[in-house]
Amino acid sequence: MSAPNGKAHWSLYLYCLFLLVPLYWLISMAVKSNRDILGGLELVPGNPTLANFVEIATNPAWYGAFINSLTYVCLNAALSITVALPAAYAFSRYRFLGDKQLFFWLLTNRMAPPAVFLLPFFQLYSAVGLFDTPLAVALAHCLFTVPLAVWILEGFVSAVPKELDEMAAIDGHSFPFFFFRIFIPVIRGGIGVTLFFCFMFSWVELLIARTLTASEAKPIVVAMTRTVSASGLDWGVLAAAGVLTILPGLAVVWFVRRHLVKGFAMGRV
Amino acid sequence: MQRANNRAWLAVAPVVLVVAFTAIAPLMTVVNYSVQDIFDVHTRLFVGLDWYRETLRDPRFLEALARQLGFSALVLALEIPLGIWIARCMPLQGRMTVAFLIVLAVPLLIPWNVVGVIWQIFARPDIGLLGAAVTALGVSYNYTSSALDAWITLALMDMWHWTSLVALLCFAGLAAIPPAYYQAAELDGASRWQVFRHVELPHLKSVLTIAVLLRLMDSLMIYTEPFVLTGGGPGASTTFLSQYLTSMAVGQFDLGPAAAFSVLYFLLILLLCWLFYTSVMKRGDEAA
């Protein structure tokens, strides 16, 4: 076992192996043709091919779905941060009527199963004419990303000493100047971590995204559940699409890697 | 000290607006449906609690509920101890730590249906490495035909997917323990178990509470991964609550029963989370 600063234990390497082997298998499938996949097991692909990736890059149904997904994920993250930041500041700095109750009630939204919202969401977004647009999915995902964003940001805001606010007021800065030019730069690490979690929960969600889209705004996760071609399930293309959906997550985790532990350390996910 | 200022409501208003649109209005709609029999847009009949009574007597609901509770208990029992163990195995700093953190974070960022696809490709006896390996050992294994195999595969998949979350949270908790505690424990000649029990575990309490809460609520909501991997089968052996609800709501458009189901489902999750949370907090108060 590790005492502080000890070396990694061998079982950690074993666990990482457990995490990586299924991923390796996915990647190896992605570079095989369907004939090779069904022809028998190969530990290392004998005839690696990029045909599956070319199929995705040239077929509008595939790359369009990717663009749709990225659109609503970015919209959602921007929206969540915009509304959550002032609220987090208020929860951290002020006492006001019903603040505790409101904060707790926000969190209970995180406990609502998405399946519960399928029916009303479909009707609500159809009624306001947003059905089958990325904006509908972005708004619907606010159901769990906004409470999360408020929760995480509140932790980061509370970690900033109040003296900063007071100093700015004494220096004669207006509140908007303080908030945008002084405060936001100070907690940009927290904003990064929040973006990471908003991205993470919006990008991975299937049920709501599937319910609120039909053909125009079909996201990648939905496109993947319908990859049945004439010759049956197209495993190679499916695996290639799977590999591509992992890349944005990897990029995001790379950008916030320094802040990640801090974000988790606040016990807020 | 926080200042009392009801103008802070202005800053909270946007959040309340967004949540009103995404959560309150839909929830009210569900509650509204759950007490009506809806034939079409203009013909509705108030039926009181009939749908609730019917749902609670529906054997398929009760079976799905039992499976759901069993599954959640199983994955919590597997993931929480394993997550703590993994976190304790991590080096606290250095180049390798960042590498381990990234590897651990990867499963959390994969779309849930892709997790299902990965395990489908990995566990199928014909094209999967795991399926083929187990079959080669002479064990008959097929998650599409055997309920037991389906459960094992689902539990393994869930461990693969979510243990990292517990591990990352615990790691963050461990990283926050001042080294002086370990030095003091060493001076006292504490055993590894005693160090864990009396130094590490108390410091992990808050992150572990969060980890258990998150895993509890998320495992109770599980839909996508079994939907892709087993489709709820074989038979109905891996049909959990969300799966059954979705088939009722979207498949059959049974508005009333599905709405009553939804309300019960949400209340169940709230109740379990609240029970867990208050019991942890209460024990904390007694110990303090």
Side-chain angles (χ1 to χ4, degrees), chain A residues 1-9 11-12 15-16 19 22 25-26 29 37 41 83 86-87 89-90 94-97 108-109 111-113 115-121 124 139-140 142-143 146 150 200 203-204 206-207 221 224-225 238-239 242 245-246 249 253 257 260-261 264-265 267 269, chain B residues 2-6 8-9 11-12 14-15 18-19 22-23 26 29-30 86 88-89 91-92 96 98 101-103 105 107 109-114 117-118 121-122 127 129 132 168-169 172 175-176 179 182 192 206-207 210 214 217 221 223-224 242 245-246 249-250 262 265-266 269-270 273:
Chain A
M1 293 304 301
S2 80
N5 303 322
K7 287 270 177 289
H9 194 254
S11 59
L12 185 60
Y15 184 72
C16 288
L19 290 185
W25 199 244
L26 180 79
M29 286 287 167
I37 291 173
L41 284 182
V83 299
Y89 185 82
Y94 301 110
R95 270 182 303 117
F96 49 94
L97 191 64
T108 62
N109 287 318
M111 301 176 194
V116 165
F117 290 95
L118 291 187
L119 271 184
F121 270 1
L124 185 66
L139 268 174
C142 283
L143 174 67
V146 164
V150 173
M200 163 173 157
W203 178 253
V204 299
L206 169 79
L207 193 51
V221 287
M224 283 186 69
T225 59
L238 190 65
T245 61
I246 299 173
V253 81
R257 64 191 186 282
L260 199 57
V261 171
F264 276 111
V269 182
Chain B
Q2 289 178 312
R3 276 168 293 170
N5 184 347
N6 280 326
W9 261 99
V12 188
V15 163
V18 168
V19 177
T22 59
T29 317
V30 170
I86 298 294
R88 293 196 64 205
C89 291
L92 275 181
M96 283 308 281
V98 177
L101 284 176
I102 291 176
V103 172
L109 292 157
I110 300 178
W112 297 346
N113 69 314
V114 178
V117 168
I118 289 174
I121 287 176
F122 189 55
I127 62 170
L129 188 60
L168 286 173
L169 278 167
Y182 286 103
R192 277 178 192 168
S206 66
V207 283
I210 305 254
L214 279 172
M217 58 180 102
M221 295 178 206
Y223 170 81
T224 309
S242 275
L245 175 58
T246 310
V250 180
S262 299
Y265 189 7
F266 188 19
I269 296 184
L270 280 180
C273 290

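Protein chains get the first letters and strands the later ones, always in sequence-line order, with residue 1 at the start of each.
- Chain A forms the most heavy-atom pairs under 4.5 Å with one residue out of B:V117, B:V30, B:I102, B:V19, and that residue is B:V19.
- Every ring pair (Phe, Tyr, Trp, His ring centres under 6.0 Å) that A:Y89 has, sequence neighbours left out, goes to A:F175, A:F179, A:F183.
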>> Under the criterion side-chain contact (heavy atoms from CB on, under 4.5 Å), I'd like the reasoning laid out for A:L124 against B:T29: C-alpha separation, chi angles, the key distance, then a yes or no.
In response: CA-CA 9 Å; A:L124 185 66; B:T29 317; over 6 Å; no
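- One distance of note links CG of B:L129 with CE of A:M29; it measures 8.5 Å at 0.5 Å rounding.
- For A:L118, the part sitting under 4.5 Å from any heavy atom of chain B is the side chain, from C-beta outward, and nothing else.
- Nearest approach of B:C89 to A:L12, heavy atoms of both residues: O-CD2, 3.7 Å.
- Across all non-hydrogen atoms, the minimal contact from A:L19 to B:P107 is CD2-CG, 3.8 Å.
- Of the atoms belonging to B:V15, heavy atoms from both backbone and side chain fall under 4.5 Å from chain A.
- No other option in A:A112, A:P22, A:P120 has as many heavy-atom pairs under 4.5 Å with chain B as A:P22.
- When all heavy atoms are compared, the tightest approach of B:L109 to A:G249 is CD1-O, 3.5 Å.
- A distance-only check finds no donor-acceptor pair linking the side chain of B:W112 to the backbone of A:L207 [under 3.5 Å].
- Within the model, atoms CZ of B:F122 and CG of A:L26 stand 11.0 Å from one another, a figure rounded to the nearest 0.5 Å.
- Residue A:M111 touches chain B through both its backbone and its side chain, counting heavy-atom pairs closer than 4.5 Å.
- Annotation: maximal heavy-atom pairing with chain B below 4.5 Å, among A:C16, A:C142, A:A140, A:P86, occurs at A:P86.
- With values rounded to the nearest 0.5 angstrom, B:N113 atom CG is found 5.0 Å from A:L206 atom CG.
- Contact count against chain B (heavy-atom pairs under 4.5 Å) is highest for A:P113 among A:S11, A:P113, A:G242, A:A87.
- Atom CZ in A:F96 sits 6.5 Å away from atom CH2 in B:W9 (nearest 0.5 Å).
- Distance CG/B:L245 to CG/A:L119: 8.0 Å, rounded to 0.5 Å.
- In this structure, the ring pair (Phe, Tyr, Trp, His ring centres under 6.0 Å) partners of A:F117, at least two apart in sequence or on a different chain, are A:F121.
- Considering only heavy-atom pairs separated by less than 4.5 Å from chain A, the leading option among B:I127, B:V18, B:I121 is B:I127.
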